[in-house]
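Report on the structure given below.
Numbering of ligands and ligand atoms starts at 1, following listing order.
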Amino acid sequence: MMTHAPSHNDTLSPLGIVHAKIAKAAKTAGRKPEDIELIAISKLHPAEAALPLIAEGQRVFGENRVQEALEKWPALIKETPDIRLHCVGQLQSNKAKTAVELFDAIHSVDRPSLIEALARAMDTLDKRPECFIQVNIGEEEQKGGCDIADTKAILKQCRDAGIPIIGLMSVPPLEVEPAPYFALTVKMAHDLGLPAVSIGMSADYELAITLGATHIRVGTALFGHRA
Ligand SMILES: *Cc1c(COP(=O)(O)O)cnc(C)c1O
């Protein structure tokens, strides 16, 4: 009987494949792979789905709902205390305190009421997760994020309130070429003097890296399709 000896080279895990693609895109762009933070988006997958990634060394994870994150992550973080959790979804002001307690970074700061709630929570807890301003880069009706024209004022309001903003985050419109939206997000961050840009998901993270992403938010390519 033939035995098939598994080779590490041809049996890359999903995480291994994503790492290889990050390295390739970074090289193409003359960037260093270590300057790109991979956030593994585990939303709608059970806690156990994160275990193989944690075993492979992934430490940065993201969720889009506070409640779901609260149900899944405290136990995992207890086991692996150096896990860093990012909030990438729309955040309601009444969840601000829980979010500040649970997350190490928040990508969706986008309006005055939320800024006030986050600032109060950060003062109360004396904890200041790194934050991104989410920009509604495609100027879509239903989408989260501040208007492009309001970004500078939102940044000032965050700074006045003591919220540490490190960059901009955006989600381009569905089913259109994302490159112009990524490029605009990168340019806006540059013009505002912000070092971080959270752009790129499973379908387009390599493109986002070539255009300047510092943080990529990858779910499906690591965890498979969501129910
Ligand atoms: C779900 C989600 C992602 C990940 O999307 P994939 O296409 O599965 O990689 C990234 N960013 C945000 C804000 C999300 O809600």
Side-chain angles (χ1 to χ4, degrees), residues 13-22 25 36-47 49-50 52-53 56 58-73 84-92 95 99 102-111 114 118 129-146 151 165-179 181-182 184-186 188-189 196-227:
S13 65
L15 182 61
I17 292 169
V18 170
H19 277 160
K21 289 184 173 177
I22 290 171
I36 295 133
E37 177 127 291
L38 169 64
I39 306 163
I41 308 294
S42 48
K43 67 180 184 199
L44 297 176
H45 291 284
L53 277 91
E56 278 187 86
Q58 178 68 24
R59 289 293 179 270
V60 185
F61 291 85
E63 291 281 343
N64 72 334
R65 286 175 201 280
V66 174
Q67 189 55 40
E68 184 181 345
L70 205 53
E71 285 160 20
K72 275 156 55 174
W73 283 96
R84 316 253 316 147
L85 201 57
H86 289 228
C87 174
V88 302
Q90 288 273 91
L91 191 51
Q92 291 168 270
K95 303 246 171 75
L102 182 62
F103 292 104
D104 301 290
I106 296 173
H107 290 235
S108 47
V109 180
D110 65 355
R111 61 193 187 279
L114 179 60
L118 285 171
E130 290 186 327
C131 292
F132 296 75
I133 294 172
Q134 184 178 352
V135 182
N136 185 355
I137 204 73
E139 305 190 302
E140 296 171 278
E141 279 292 329
Q142 303 286 6
K143 205 86 155 233
C146 68
T151 311
I165 298 292
I166 64 163
L168 301 182
M169 178 273 217
S170 73
V171 182
L174 284 175
E175 290 170 24
V176 297
E177 167 56 45
Y181 299 96
F182 289 160
L184 179 56
T185 311
V186 170
M188 287 177 67
V197 190
S198 169
I199 47 172
M201 316 202 306
S202 290
D204 50 29
Y205 65 90
E206 296 153 275
L207 172 68
I209 289 167
T210 64
L211 292 171
T214 60
H215 293 66
I216 55 174
R217 310 178 310 267
V218 179
T220 309
L222 294 170
F223 292 97
H225 287 283
R226 292 178 286 271

Problem - With sequence neighbours excluded, residues passing salt bridge (charged side-chain N to carboxylate O under 4.0 Å, His left out) with Glu71 - result: none
Exercise for the section: Using modelled atom types only, decide if a donor and an acceptor are shared between the side chain of Ser170 and the backbone of Val135 within a distance under 3.5 Å. Expected result: no
Exercise for the section: Report yes or no: does Gln58 contribute a side-chain atom to a donor-acceptor pair with the main-chain N or O of Leu38 at less than 3.5 Å? Expected result: yes
At less than 3.5 Å, what protein N or O atoms come close to the N or O atoms of ligand 1? Include the distances to 0.1 Å.
from, atom 1, to, atom 2, distance (Å)
ligand 1, 8 (O), Thr220, N, 2.8
ligand 1, 8 (O), Thr220, OG1, 2.5
ligand 1, 8 (O), Arg226, NH1, 2.7
ligand 1, 8 (O), Arg226, NH2, 3.2
ligand 1, 9 (O), Ser202, N, 2.9
ligand 1, 9 (O), Ser202, OG, 2.6
ligand 1, 9 (O), Gly219, N, 2.8
ligand 1, 11 (N), Arg217, NE, 2.9
ligand 1, 15 (O), Lys43, NZ, 2.6

Handout entry: Electrostatic pair Arg65-Glu68, nearest N-O below 4.0 angstrom
Key = no
Handout entry: Shortest non-hydrogen separation from Phe223 to Ala49 and the atoms involved
Key = CE2-O, 3.5 Å
Exercise for the section: Evaluate whether atom NZ of Lys143 has more than 12 neighbouring non-hydrogen atoms of other residues, nucleotides or ligands under 6.0 angstrom away. Expected result: yes
